[in-house]
Novice: 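The structure's right below; bear with me while I get my questions together.
Numbered from 1 within each chain, the chains take letters A, B, ... in sequence-line order. Computation of the quantities below employed the complete heavy-atom set of this structure, encompassing side-chain atoms and omitting hydrogens, waters and symmetry-equivalent molecules.
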Protein chains: 2
Amino acid sequence: MRVPRANSREKILAAAADVAREAGPGSLSLEAVASRAGVSKGGLLYNFPTKAKLMQGLVENYLSDFRKALEARAAEASRESVLSAYIKLSADDCERPKPSASWMFSAIAEDPDFLTPIKAFKHQLFERLKGETEDLGSLLVCFLAIEGMRSMNLFDSDVLSEDERKLLVSSLLKIAG
Amino acid sequence: MRVPRANSREKILAAAADVAREAGPGSLSLEAVASRAGVSKGGLLYNFPTKAKLMQGLVENYLSDFRKALEARAAEASRESVLSAYIKLSADDCERPKPSASWMFSAIAEDPDFLTPIKAFKHQLFERLKGETEDLGSLLVCFLAIEGMRSMNLFDSDVLSEDERKLLVSSLLKIAG
DNA sequence: TTGACAAGACCGTCCAGCCGGTACAGTAAA
DNA sequence: TTTACTGTACCGGCTGGACGGTCTTGTCAA
């Protein structure tokens with residue numbers, strides 16, 4: 001694999017996420033992405049031969065980032081549980097008021113199957129946490145509460161205040177032990 | 001050959017939800033809805049002059065159903081807290097393996113603002129629960145865990161088994177007190 | 001020379017919204 | 001009782017436009 005002039009792939013992926021977030025998931029067209037990335041449509045199609053490939057790229061990018069971030073957190077405080085790392089990571093992700101993954105809605109509209117890797121990852125993560133936590137009930141509550149937090153952030157729903165979110169996180173960390 | 005004069009509005013709303021669920025949120029077109037509802041495109045446009053009105057109808061229908069169901073639950077066991085009623089209602093909703101609200105993704109793709117009534121309702125519900133619960137931390141955990149459960153159902157993500165969901169619900173009810 | 005794009009024309013598809021019709025139902029005058 | 005009118009509910013073809021994807025031609029750096 002040759003080194004590109006500039007790394008267009010990542011620019012394009014970032015642009016796609018930007019477009020979905022700012023113009024709405026329904027406005028994620030190839031032209032909009034290309035324009036946003038400062039790339040021609042031909043250049044975009046060169047990197048992602050089809051829109052499906054672009055969606056797939058978004059999912060893979062998202063997952064690899066997530067994995068890296070989680071692993072980094074789990075490593076930096078190895079005494080902590082992975083569950084705690086997951087809680088803190090998610091709390092930080094949701095700190096940012098902008099939903100960074102609106103592109104998921106575009107992907108679902110295109111084809112719901114694009115999300116299967118994400119579902120699989122979540123399942124895998126859950127299994128991993130099960131092996132680590134002794135009280136399944138607590139794990140379930142924590143895991144689902146995180147899911148709820150992430151979901152609210154994704155939908156750009158600001159039901160909770162800043163303080164409430166912090167209280168939630170500390171409550172979850174307490175439950176996680 | 002037009003057979004019965006029936007309440008087309010509800011038929012159309014149900015058809016829209018069916019189409020989104022079965023053909024995917026991206027396939028929610030006026031023609032598909034009309035065909036599914038056994039109504040012509042003109043007839044559909046007669047009831048809902050624009051696609052936006054149809055989406056709005058879906059949201060309003062969803063909210064009024066939700067309100068009724070919650071009120072019914074809260075009334076039938078008036079000794080229970082509203083939080084408990086909300087937990088049980090959500091558990092029952094998620095029991096059905098079909099994600100009954102895939103149309104939400106279509107609505108978001110059309111315009112994210114369609115969901116503001118739902119967000120407002122959630123906010124309102126949360127405020128109501130705050131007035132009822134003494135421990136804010138417990139409420140937060142419960143509320144978000146329910147949100148997570150609903151979100152997983154919406155995304156058709158089957159991370160939890162049947163037993164795990166039941167355990168989760170009983171754990172939540174215990175936390176809710 | 002070749003890989004990595006730029007630029008954009010072009011085509012087939014799809015879809016929302018509009019519009020001119022049509023089949024009733026109710027009413028009310030003749 | 002008939003006829004004429006009016007409004008409701010619905011039909012279905014049409015069109016303008018957007019969008020995805022392909023293809024061709026050109027550019028420039030390594």
Novice: Quick one: A:L30 CG to D:dC23 P, roughly how many Å, whole number?
Specialist: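 Taking atom P of D:dC23 as the reference, CG of A:L30 is at 15 Å.
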Novice: Taking 4.0 Å as the cut-off, does a side-chain nitrogen or oxygen of B:N47 come that near to OP1 or OP2 on D:dC10?
Specialist: yes
Novice: Check this one for me: any side-chain N or O of B:Y46 less than 4.0 Å away from OP1 or OP2 of D:dC10?
Specialist: no
Novice: So if I take every side-chain heavy atom of B:K51 and compare against D:dG21, D:dC11, C:dG17, which nucleotide ends up nearest?
Specialist: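 So the nucleotide nearest the side chain must be C:dG17.
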Novice: Where the side chain of B:S40 is concerned, which of C:dA16, C:dA6, D:dC11 is the nearest nucleotide?
Specialist: D:dC11
Novice: Classify the angle between the aromatic ring planes of A:F105 and B:F155 as parallel (below 30°), tilted (30 to 60°) or perpendicular (above 60°).
Specialist: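 Because their plane-to-plane angle is under 30°, the rings of A:F105 and B:F155 count as parallel.
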Novice: How close or far is atom C1' of D:dC19 from atom CD of B:E110, stated in whole angstroms?
Specialist: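 Those two atoms, CD and C1', are 15 Å apart.
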Novice: Is the shortest distance from a Lys or Arg side-chain nitrogen in B:K166 or B:D163 to a carboxylate oxygen in the other one below 4.0 Å?
Specialist: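 No, this pair does not count.
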Novice: What's the CG-C1' distance between A:L44 and D:dG21, to the nearest Å?
Specialist: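 For the pair A:L44 CG and D:dG21 C1', the rounded distance is 11 Å.
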Novice: Is the distance from OP1 or OP2 of C:dA4 to the nearest side-chain N or O of A:S8 less than 4.0 Å?
Specialist: no
Novice: Applying side chain to side chain donor-acceptor pair (under 3.5 Å), name anything that partners B:R150, two or more places apart in sequence or on another chain.
Specialist: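 Per chain and number, B:R150 pairs via side chain to side chain donor-acceptor pair (under 3.5 Å) with B:S90, B:D93.
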Novice: To the nearest 10°, let me know how far the axis at one end of the helix from C:dT1-D:dA30 to C:dA30-D:dT1 is tilted from the axis at the other, five pairs an end.
Specialist: 10°
Novice: Please list every donor-acceptor pair under 3.5 Å in which a side-chain atom of residues 128-145 of chain A meets a protein atom from a residue at least two apart or in another chain.
Specialist:
residue	atom	partner	partner atom	Å
A:R128	NH2	A:E71	OE2	3.1
A:K130	NZ	A:E127	OE2	3.4
A:K130	NZ	B:E164	OE2	2.5
A:E132	OE1	A:V82	N	3.3
A:E132	OE1	A:L83	N	3.3
A:E132	OE2	A:V82	N	2.7
A:T133	OG1	A:L129	O	2.9
A:D135	OD1	A:G137	N	3.2
A:D135	OD2	A:S138	OG	2.5

Novice: Distance check needed: C:dC10 P versus A:E31 CD, whole Å only.
Specialist: 15 Å
Novice: Expressed as a whole number of angstroms, how long is the span from B:L45:CG to D:dA9:P?
Specialist: 15 Å
Novice: So, using side chain to side chain contact (heavy atoms under 4.5 Å, CB included) as the criterion, who are the partners of B:E80 when residues are at least two apart?
Specialist: B:A77, B:S84, B:K88
Novice: Indicate, with a heavy-atom threshold strictly under 4.0 Å, whether B:L54 touches base, sugar-phosphate, or nothing.
Specialist: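 Answer is nothing: B:L54 stays at 4.0 Å or more from every strand.
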Novice: Grab the NZ-P distance between B:K41 and C:dT22 for me, whole Å please.
Specialist: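 The distance from NZ of B:K41 to P of C:dT22 comes to 20 Å, rounded to the nearest Å.
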Novice: Ring pair (Phe, Tyr, Trp, His ring centres under 6.0 Å): which pairs involve residues 40-60 of chain A, sequence neighbours left out?
Specialist: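 As it turns out, there is no ring pair (Phe, Tyr, Trp, His ring centres under 6.0 Å) pair with a partner in residues 40-60 of chain A once direct neighbours are skipped.
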Novice: What is the distance from CD1 of B:I12 to P of D:dC11, rounded to the nearest Å?
Specialist: 9 Å
Novice: Counting side-chain heavy atoms from CB outward, which of C:dC5, D:dG21, C:dG17 is closest to A:T50?
Specialist: D:dG21
Novice: Once you round it to whole Å, what is the distance between P of D:dG20 and CZ of A:F48?
Specialist: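 These atoms are roughly 15 Å apart.
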Novice: Test of understanding: with side chain to side chain contact (heavy atoms under 4.5 Å, CB included), list the residues that count as partners of A:A37, not counting sequence neighbours.
Specialist: A:I12, A:A15, A:V39
